Amino acid sequence: MTDSRPVALVTGASRGIGSAIARDLGSRGHHVVVNYRSDAESAEATVRAITDAGGSAQAIAADVRDGDQVSAMVETVLGATGRIDALVCNANIQPPFVDIQSLPWQVFLDKVGGELACAFHITQQVLPSMKDRGRGRIVYISSSVTGKAAPALLAHGTAKTALEALMRNVAADAGRAGITVNAVAPAAVATAATADVLSPVYREHLASRSVLRRVMEPDDIARVVGLVLDDGFAAVTGQIIRVDAGFEVLAPSAVENPPPTISTRVSTLGRSSHPWSPT
């Protein structure tokens, strides 16, 4: 039961940025659907954090790269609540930080294709009910790498640039029905998933290249997403909101020469099933 609360579906919400977004939306009065792929324990912990604070939430497992699983999840949510007011597409594929000579085609395809599948299927399934109601909010979590170029950012930059193109085209389609569609693009965010990349030394280096002298935390991104979903943003659509502590104000790019720790990911590329999948 969600009574009169607006319903927000957040993909990849068991940990990190997604969990922070879910918790923030819960505090803003949404009933939050915490989507996860496999980490049920973390998803339930996110739900408990929301409900313990007086909010409303539920966890639903679905690999959002799979259209059938997405369809079943959306049907479940609409059957229980009758509405989805806000969709936050946060699920993503962990990127390989290597240059084109070191990057197998299949790994590149898994990142780019998987990233787009995470956004495509859920958007396609949620949009009709939003159009029927004549309102809705969609936010895609992109990245500041779309404004940069570096050898190690090939797969990640390509995937996020394509995601932003998808966002703009969905915005053009959905706007006629009163639905806003935007992207929030963070710079480097300190999470468990980035811990092997954001070593203390590299984190200090990135902070020194931003105006505010800091890297992003998950709550920084969550608060901005909450604002974008608010009615105060009703006249804003098709836009990319960068959350980077002023990183892009200063040049050159701080990621042109990634730290040696990034190269450790290369050793996983030869495996038949690599671990980069949406949480």
Side-chain angles (χ1 to χ4, degrees), residues 1-2 5-51 55-94 113-130 136-142 159 163 166-167 170 181-184 186 189 191-193 218 221-222 225-226 228-229 275-279:
M1 292 294 294
T2 66
R5 300 173 194 255
V7 178
L9 195 168
V10 184
T11 67
S14 62
R15 294 174 290 157
I17 295 172
S19 177
I21 292 170
R23 287 182 278 108
D24 182 82
L25 293 179
S27 73
R28 293 173 186 267
H30 288 74
H31 171 75
V32 185
V33 179
V34 176
N35 161 253
Y36 68 99
R37 183 181 66 89
S38 59
D39 191 350
E41 183 177 355
S42 294
E44 291 297 342
T46 298
V47 169
R48 283 195 302 274
I50 294 169
T51 56
S56 175
Q58 67 185 108
I60 300 182
D63 185 337
V64 290
R65 296 169 297 184
D66 185 312
D68 291 338
Q69 292 188 41
V70 169
S71 179
M73 175 174 65
V74 171
E75 183 178 344
T76 296
V77 176
L78 291 176
T81 68
R83 58 198 283 193
I84 296 175
D85 299 273
L87 169 64
V88 181
C89 298
N90 171 73
N92 68 95
I93 310 300
Q94 192 71 9
E115 193 98 3
L116 292 176
C118 287
F120 178 88
H121 293 302
I122 190 69
T123 302
Q124 188 178 63
Q125 293 293 328
V126 168
L127 207 50
S129 67
M130 287 185 172
R137 302 279 186 268
I138 300 176
V139 173
Y140 300 97
I141 304 303
S142 183
L163 180 66
L166 183 147
M167 176 276 293
V170 173
V181 184
N182 294 286
V184 170
V189 182
T191 67
I221 315 308
V225 170
V228 175
L229 294 178
W276 305 322
S277 58
T279 56

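Quick caveat, the model's predicted, so the values are computed rather than measured.
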Go through D24 and R28 one step at a time and tell me if the side chain to side chain contact (heavy atoms under 4.5 Å, CB included) criterion holds.
CA-CA 6 Å; D24 182 82; R28 293 173 186 267; 2.5 Å; yes
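- Pairing each heavy atom of V126 with each of V74, the nearest pair is CG2-CG2, 3.9 Å.
- In this structure, the separation between CG on N182 and CG on L229 is 9.0 Å, given to the nearest 0.5 Å.
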Start with the C-alpha distance between V64 and M73, add both sets of side-chain angles, then the distance that settles side chain to side chain contact (heavy atoms under 4.5 Å, CB included), and finish with yes or no.
CA-CA 9 Å; V64 290; M73 175 174 65; 4.1 Å; yes
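- To the nearest 0.5 Å, the span separating OG on S129 from CD on E75 amounts to 12.0 Å.
- Between the CD1 atom in I84 and the CG atom in L78 there is a gap of 4.5 Å [rounded to 0.5 Å].
- Closest approach of V7 to H30, counting heavy atoms only: C-CD2, 4.5 Å.
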Give the C-alpha distance, both sets of side-chain angles, the deciding distance and a yes or no for side chain to side chain contact (heavy atoms under 4.5 Å, CB included) between L87 and L127.
CA-CA 9 Å; L87 169 64; L127 207 50; over 6 Å; no
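- Contact between I93 and C118 at its shortest, heavy atoms only, is CD1-SG, 4.4 Å.
- G12 and A91 make their closest contact through N-CB, 3.8 Å (heavy atoms, listed as atom of the first residue, atom of the second, distance).
- Using modelled atom types, one side-chain atom of N35 and one backbone atom of A62 make a donor-acceptor pair closer than 3.5 Å.
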Begin with the C-alpha distance, continue with both residues' side-chain angles, and end with the deciding distance and a verdict on side chain to side chain contact (heavy atoms under 4.5 Å, CB included) for S19 and R23.
CA-CA 6 Å; S19 177; R23 287 182 278 108; 3.3 Å; yes
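- The closest side-chain donor-acceptor pair between Y140 and T123 falls under 3.5 angstrom.
- No side-chain donor-acceptor contact under 3.5 Å links D39 to the backbone of R37.
- Within the model, atoms CG of L166 and OG of S142 stand 11.0 Å from one another, a figure rounded to the nearest 0.5 Å.
- Remark: Y36 OH to E44 CD distance equals 6.5 Å, nearest 0.5 Å.
- Contact detail for Q125 and S71: the closest heavy-atom pair is OE1-OG, 3.7 Å.
- P186 places a side-chain heavy atom less than 4.5 Å from the side chain of I141.
- One N or O on the side chain of T11 and one on the backbone of N90 form a donor-acceptor pair closer than 3.5 Å.
- T46 and A22 make their closest contact through CG2-CB, 3.9 Å (heavy atoms, listed as atom of the first residue, atom of the second, distance).
- Side chains of I60 and V77 form a contact here, defined as non-hydrogen atoms less than 4.5 Å apart.
- For the pair V88/L25, a side-chain contact is recorded, criterion being any heavy-atom separation below 4.5 Å from C-beta on.
- A donor-acceptor pair under 3.5 Å is absent between the side-chain atoms of D85 and the main chain of G136, judged by distance alone.
- Proximity of H31 to Q58: side-chain heavy atoms (C-beta onward) are separated by under 4.5 Å at one or more points.
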